[in-house]
Amino acid sequence: MKILAIGRNYAEHIEELQNERPDEPLIFLKPETSVIKNNDPFFYPDFSTNIHHEVEILVQIDKPGKNIDEKFAHKYYSQIGIGIDFTARDWQQKAKEKGWPWAIAKGFNGSAPISSFFPVGDFGDIGDLNFSLKVNGETRQQGNTELMLFSIDYIIAYLSKFFLLKKGDIIFTGTPKGVGPVEIGDRLEAFIEDKELLNVEVK
Ligand code: MG
């Protein structure tokens, strides 16, 4: 299983980090060892002092595919979930300055808490889904999939040009505005529409 992730897919998040708007999807990977399941806790790593939450809609691939046409991309997934793309912003900043990859900043142990997956139809139109993140009961991030710069089907078609997509692969589809630091003791709850699907404590 691999995790493919897209950065800078929501305009207001690009602005908050003063990044450039991409003209094609910005792609990175997170290893299998980044996954946290079953609402297990996230352990704050000692190598960073600036871990940010990024709540994102997840898509799980159902069957193998490469060079997928965008108009057939919907045939390659039927389940979605929600996850947090934890980011060591200090390491990412250093990587940006030096032109280094984001492997550590985005791929460290436990950097990908994910929910269970549910049929797309449980939530309505995948192109118009509200999702959000609360930290200690306070809403910090709110997004809607219609605000994506690159749609889920476009992302799948794009990724499949370079990576053979396999059953069980997970795509992180980008975070909306409102990212910020977490601290030990925080409780993070992620929602699609009004359903709480993920609940992670920072330890
Ligand atoms: Mg992200």
Side-chain angles (χ1 to χ4, degrees), residues 1-11 13 22 24-40 53-87 102 106-107 111-133 141-176 188-200:
M1 187 273 279
K2 58 185 171 295
I3 297 177
L4 297 152
I6 175 166
R8 304 181 190 169
N9 203 23
Y10 287 86
H13 169 62
E24 58 187 340
L26 188 168
I27 303 300
F28 57 92
L29 287 88
K30 293 164 89 77
E32 199 165 352
T33 44
S34 65
V35 171
I36 295 177
K37 287 182 182 171
N38 306 315
N39 290 336
D40 284 348
H53 56 77
E54 297 190 356
V55 71
E56 311 197 4
I57 292 288
L58 310 180
V59 174
Q60 190 168 50
I61 297 296
D62 276 348
K63 60 177 183 181
K66 60 179 176 182
N67 294 316
I68 299 166
D69 194 302
E70 186 181 350
K71 66 175 177 288
F72 299 124
H74 66 278
K75 294 178 183 287
Y76 289 82
Y77 64 93
S78 60
Q79 298 207 304
I80 61 171
I82 199 158
I84 299 170
D85 170 22
F86 275 127
T87 303
W102 294 357
K106 292 286 196 179
S111 61
I114 60 173
S115 72
S116 298
F117 286 83
F118 303 89
V120 173
D122 285 7
F123 304 100
D125 178 1
I126 196 169
D128 182 15
L129 285 179
N130 291 299
F131 62 104
S132 61
L133 179 75
Q141 289 191 266
Q142 270 184 305
N144 185 294
T145 53
E146 73 175 352
L147 299 173
M148 288 183 179
L149 299 179
F150 301 105
S151 72
I152 288 168
D153 287 357
Y154 184 93
I155 294 167
I156 287 172
Y158 183 82
L159 287 171
S160 76
K161 288 199 264 187
F162 312 100
F163 304 99
L164 169 64
L165 300 182
K166 294 177 78 175
K167 183 179 165 64
D169 287 351
I170 294 168
I171 301 172
F172 274 65
T173 60
T175 198
L188 279 61
E189 299 164 280
F191 300 78
I192 299 180
E193 297 296 345
D194 53 4
K195 280 187 197 162
E196 184 186 313
L197 300 180
L198 183 64
N199 188 320
V200 176

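- With rounding to the nearest 0.5 angstrom, the CD1 atom of Ile68 is 8.5 Å from the CG atom of Leu164.
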**OP:** Report the C-alpha separation of Phe118 and Leu197 in whole Å, then their side-chain angles, then the decisive distance to 0.1 Å, and conclude whether the side-chain contact (heavy atoms from CB on, under 4.5 Å) test is met.
**Re:** CA-CA 10 Å; Phe118 303 89; Leu197 300 180; 3.7 Å; yes
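- At a threshold of 4.5 Å between non-hydrogen side-chain atoms, the residues Ile156 and Ile61 count as touching.
- Counting heavy atoms from C-beta on, the side chains of Ile36 and Ile114 never come closer than 4.5 Å.
- With Ser160 contributing its side chain and Gly65 its backbone, the two residues share no donor-acceptor pair below 3.5 Å.
- Side-chain contact between Pro22 and Phe150: present, with at least one pair of heavy atoms (C-beta onward) separated by less than 4.5 Å.
- When all heavy atoms of Ser115 and Gly81 are compared, the closest pair comes out as OG-CA, 3.5 Å.
- Judged by distance alone, the side chains of Asn144 and Asn130 do bring a donor and an acceptor atom under 3.5 Å apart.
- Across all non-hydrogen atoms, the minimal contact from Lys106 to Glu54 is NZ-OE1, 3.2 Å.
- With respect to Asp62 and Lys75, no salt bridge is recorded, no charged nitrogen being found less than 4.0 Å from a carboxylate O.
- One finds the OG atom of Ser151 at 12.5 Å from the NE2 atom of His74 (value rounded to the nearest 0.5 Å).
- Lys66 forms no cation-pi arrangement with Phe163, by the criterion of a distance under 6.0 Å to the ring centre and an angle within 45° of the ring axis.
- Counting heavy atoms from C-beta on, the side chains of Pro25 and Tyr154 come closer than 4.5 Å.
- Taken to the nearest 0.5 Å, the CD1 atom of Ile170 stands 11.0 Å off from the NZ atom of Lys2.
- Tyr77 and Gln60 are not linked by any side-chain donor-acceptor pair at a separation below 3.5 angstrom, with hydrogens and angles left out of the test.
- For the residue pair Tyr158 and Glu24, the shortest heavy atom distance occurs at OH-OE1, 3.3 Å.
- Cation-pi contact between Lys195 and Phe123: present, with separation from the ring centre below 6.0 Å and deviation from the ring axis of at most 45°.
- At a threshold of 4.5 Å between non-hydrogen side-chain atoms, the residues Glu196 and Glu189 count as touching.
- Under the 3.5 Å distance criterion, the side-chain polar atoms of Asn38 are left unmatched by any main-chain donor or acceptor of Asp40.
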Original post:
Hey, mind stepping through Phe72 and Tyr76 against ring pair (Phe, Tyr, Trp, His ring centres under 6.0 Å) and telling me if it holds?
Top reply: CA-CA 8 Å; Phe72 299 124; Tyr76 289 82; 8.6 Å; no
Original post:
So Leu165 and Lys63, side-chain contact (heavy atoms from CB on, under 4.5 Å) or not? Walk me through it.
Top reply: CA-CA 8 Å; Leu165 300 182; Lys63 60 177 183 181; over 6 Å; no
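- Between Pro113 and Leu198, the shortest heavy-atom contact is O-CD2, 3.9 Å.
- Scanning for side chain to side chain donor-acceptor pair (under 3.5 Å) contacts around Thr33 gives an empty result, with sequence neighbours left out.
- Asn9 places a side-chain N or O within donor-acceptor distance of the main-chain N or O of Leu149, the cut-off being under 3.5 Å.
- Residues passing the side chain to side chain donor-acceptor pair (under 3.5 Å) test with Thr145: none are found, sequence neighbours excluded.
- The line from CD1 of Ile171 to CD of Glu56 is 12.0 Å long, rounded to the nearest 0.5 Å.
- Side-chain contact between Phe191 and Ile82 is absent, with no heavy atoms from C-beta onward closer than 4.5 Å.
- One N or O on the side chain of Thr173 and one on the backbone of Ile57 form a donor-acceptor pair closer than 3.5 Å.
- At a threshold of 4.5 Å between non-hydrogen side-chain atoms, the residues Ser34 and Ile3 count as touching.
- The two residues Glu193 and Asp128 make their nearest non-hydrogen contact at OE2-O, 3.9 Å.
- Between Thr175 and Asp85 the shortest side-chain heavy-atom distance does not fall below 4.5 Å.
- Rounded to the nearest 0.5 Å, atoms OH (Tyr10) and CG (Leu147) are 7.0 Å apart.
- Under the 3.5 Å distance criterion, with hydrogens and angles disregarded, no donor-acceptor pair is assigned to the side chains of Gln141 and Ser132.
- Nearest heavy-atom pair, Phe172 versus Ala112, reported as atom, atom and distance to 0.1 Å: CZ-CB, 3.9 Å.
- Remark: Ile27 CD1 to Ile155 CD1 distance equals 7.0 Å, nearest 0.5 Å.
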